[in-house]
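Notes for the one structure printed next.
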Amino acid sequence: MTSAAGTGRRRQDVVYRAGVYGRHPRVPTVYRALAREAKRRLDARAYGYVAGGAGDEATQRADRTAFDHWSVVPRVLRDVSRRDTSVELFGRRLPAPVLLGPVGALELVHPEGDLAVARAAAAVGVPMVFSNQASVPMETTAAAMGDSPRWMQLYWSTSDELVESLLGRAEATGCDAVVVTLDTTMLGWRPRDLDLGHLPFALGKGIAQYTSDPVFRRLVEERAAAAGAQSAPPPAPPQRNPQPRPNAAAVRALLGMSRAWSRATGMPMREALRSPLPRAAVEVFLGIYSRPSITWADLAWLRERTRLPIVLKGVLHPDDARRAVEEGVDGVVVSTHGGRQVDRSIAALDALPDVVDAVADRVPVLFDSGVRSGADVLVAVALGARAVLLGRPYAWGLGVAGEDGVRQVVEDVLGEFDLTLGLTGHTAVDQLSREVLRRRP
């Protein structure tokens with residue numbers, strides 16, 4: 001967007017005018033304080049799920065350290081009174097090079113989950129990438145967004161029929177692109193979750209895209225029917241580690257599964273508690289949600305089944321980026337999955353320049369992992385990213401203040417990006433290049 005004031009000065013004006021009356025921003029405006037406040041408000045499982053990374057979290061640290069290797073060199077005595085922060089992606093003009101990336105199981109941090117994020121994204125005008133592991137069906141979040149842009153993330157299930165159904169729903173809900181996540185064909189080793197014995201999907205959380213899908217529901221009904229039709233098995237031999245007796249935690253888990261199924265299907269809660277379907281839904285999900293066997297050869301199958309632009313997320317090697325373009329994909333996202341999948345991985349920002357060079361402007365290159373501020377956005381764009389996907393910052397905003405918290409975090413990032421653009425002597429995103437940066441020794 002272009003204006004004499006700009007998003008940054010407008011955001012400052014709102015904050016400082018409110019300050020005259022003793023009112024402060026609802027969430028901290030710097031990431032470290034925001035994360036601390038979210039930790040204070042959330043329970044250990046919710047905080048651990050969002051904050052955690054793979055292994056010793058070396059990749060997560062590297063994603064942040066990589067930004068410290070670059071410095072912006074401001075230029076002066078340039079007219080920057082009017083700035084245009086907009087970019088174009090897949091035929092749509094966006095107000096800034098920022099999207100809200102997919103974050104799963106957001107009901108852990110706020111009861112409204114993805115719905116609150118969708119409303120905030122629509123209010124600001126930035127695209128939201130619907131998570132495949134959402135807590136709210138895509139049809140509900142799309143309805144809340146009106147005509148605002150939205151994309152859809154896809155985890156490639158072992159059920160091709162389910163993949164087709166999800167693609168069709170993404171088209172029907174007006175998504176501009178489908179983002180195929182490649183780096184989570186298996187769940188990474190995540191000690192924070194492991195130490196708590198916590199996988200939200202095993203409790204029926206974060207599977208609303210599935211329980212709202214007709215193909216998935218049929219698979220659940222088939223599994224439950226098959227289990228019910230089996231004759232009683234012979235007595236099992238004594239086990240060294242027998243299953244524990246039901247306790248309060250197990251009862252809470254059953255309640256959670258039943259509540260999720262009831263919300264998704266309209267089944268009365270009392271009936272859901274007696275039904276085998278809620279537990280069958282969790283078991284079917286855990287069995288089919290990802291497909292480690294996918295290869296480059298499968299992309300042609302996907303291309304035939306959707307008219308949407310296909311963006312591959314999780315690309316870090318330049319050879320993979322070249323191959324992606326050769327296979328006809330429409331974009332790539334340089335990403336370490338926020339450091340959640342492979343420990344000791346190359347940092348996403350360190351991988352970005354080589355991927356950009358390999359793609360050579362043939363398709364847009366997007367970026368995520370480690371982005372915490374508007375200044376970070378500027379560095380990533382200067383290194384060649386067409387846009388960035390924001391993740392943990394808005395999740396913390398959701399945990400601290402719901403929809404208002406998400407909106408403030410996004411407005412703060414956009415405001416800082418606008419001001420940094422102008423204060424470094426630039427008036428448009430396409431003026432940013434590696435020439436405006438210096439690599440620190």
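Please read these numbers as outputs of a predicted model, since none were measured by experiment. Along the sequence shown, the residues carry numbers beginning at 1.
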Quiz item: Side chains of Trp301 and Glu164: does their closest heavy-atom pair fall under 4.5 Å?
Solution: yes
Self-check item: Under 3.5 Å: donor-acceptor pair, side chain of Arg223, backbone of Val284
Solution: no
Self-check item: Beyond-backbone contact of Asp412 with Arg11, side-chain heavy atoms, under 4.5 angstrom
Solution: yes
Quiz item: Taking side chain as C-beta onward, heavy atoms only, is Val311 less than 4.5 Å from Val332?
Solution: no
Exercise. May I ask you to say whether Arg434 pairs ionically with Asp357, meaning some side-chain N is under 4.0 Å from a carboxylate O?
Key: yes
Exercise. Run through Ile294, Val329, Val163 and flag the one making a side-chain contact (heavy atoms from CB on, under 4.5 Å) with Leu302.
Key: Val163
Practice problem: Check the side chains of Arg340 and Gln60 for a donor-acceptor pair under 3.5 angstrom, ignoring hydrogens and angles. | Solution: no
Quiz item: Honestly, is Arg40 close enough over Tyr47, meaning NZ or CZ under 6.0 Å from the six-membered ring centre and within 45° of the axis?
Solution: no
Self-check item: NE2 on His198 to CG on Asp43, rounded to 0.5 Å
Solution: 7.5 Å
Quiz item: Do you know the tightest heavy-atom contact between Val27 and Gly405?
Solution: CG1-CA, 4.0 Å
Quiz item: Salt-bridged, Asp376 to Arg64, with N to O below 4.0 Å?
Solution: yes
Quiz item: In terms of side-chain geometry, is the basic nitrogen of Glu57 or Arg192 positioned less than 4.0 Å from the acidic oxygen of its partner?
Solution: yes
Quiz item: Mind checking whether Leu421 and Thr85 have side chains closer than 4.5 Å, heavy atoms only?
Solution: yes
Quiz item: So which heavy atom on Arg150 is nearest to which on Thr173, and how close?
Solution: NH1-O, 2.6 Å
Quiz prompt | Asp320 (side chain) donor-acceptor with Val315 (main chain) under 3.5 angstrom | solution = no
Quiz item: Would you call Asp160-Arg291 a salt bridge at under 4.0 Å N-O?
Solution: yes
Exercise. Provide the closest heavy-atom pair for Ala121 versus Leu100 in the form atom of the first, atom of the second, distance.
Key: CB-CD1, 3.8 Å
Self-check item: 4.5 Å side-chain heavy-atom contact, Leu366 and Leu99
Solution: yes
Quiz item: Charged N to carboxylate O below 4.0 Å: is that the case for Arg218 and Glu161?
Solution: yes
Self-check item: Donor-acceptor contact present, side-chain Ser258 to main-chain Leu255, <3.5 Å
Solution: no
Quiz item: Where the side chain of Arg41 meets the backbone of Ala38, is there a donor-acceptor pair that is under 3.5 Å apart?
Solution: no
Quiz prompt | Which atom of Leu398 lies closest to which atom of Ala116, heavy atoms considered | solution = CD1-CB, 3.7 Å
Distance-only donor-acceptor pairs under 3.5 Å for side chains of residues 261-273, two or more places apart:
residue : atom : partner : partner atom : Å
Ser262  : OG   : Met267  : O            : 2.6
Thr265  : OG1  : Trp261  : O            : 2.7
Thr265  : OG1  : Met267  : N            : 3.2

Exercise. Quick one: closest heavy-atom pair of Gly55 and Pro191, and the distance?
Key: O-CG, 3.3 Å
Quiz item: Just wondering, do Trp151 and Leu89 contact through their side chains at under 4.5 Å, heavy atoms?
Solution: yes
Quiz item: Do Ser86 and Arg93 have side-chain atoms, one donor and one acceptor, less than 3.5 Å apart?
Solution: yes
Practice problem: Please tell me if the side chains of Phe130 and Cys175 come closer than 4.5 Å, counting only heavy atoms from C-beta onward. | Solution: yes
Quiz prompt | Shortest non-hydrogen separation from Thr211 to Arg217 and the atoms involved | solution = O-NE, 2.7 Å
Exercise. Mind telling me whether Phe201 and Tyr49 have parallel, tilted or perpendicular rings, with 30° and 60° as the class edges?
Key: perpendicular
Quiz item: Would you say the side-chain atoms of Ser165 and Asp213 include a donor-acceptor pair closer than 3.5 Å?
Solution: yes
Quiz prompt | Heavy-atom check, side chain of Phe417 versus side chain of Val429, under 4.5 Å | solution = yes
Quiz item: Just wondering, more than 12 heavy atoms not from Asp68 lying within 6.0 Å of its CG?
Solution: yes
Quiz item: Can you name the one residue among Thr59, Thr181, Asp368, Asp183 that meets side chain to side chain donor-acceptor pair (under 3.5 Å) with His337?
Solution: Asp183
Practice problem: To the nearest 0.5 Å, tell me how far Glu416 CD sits from Gln12 CD. | Solution: 10.0 Å
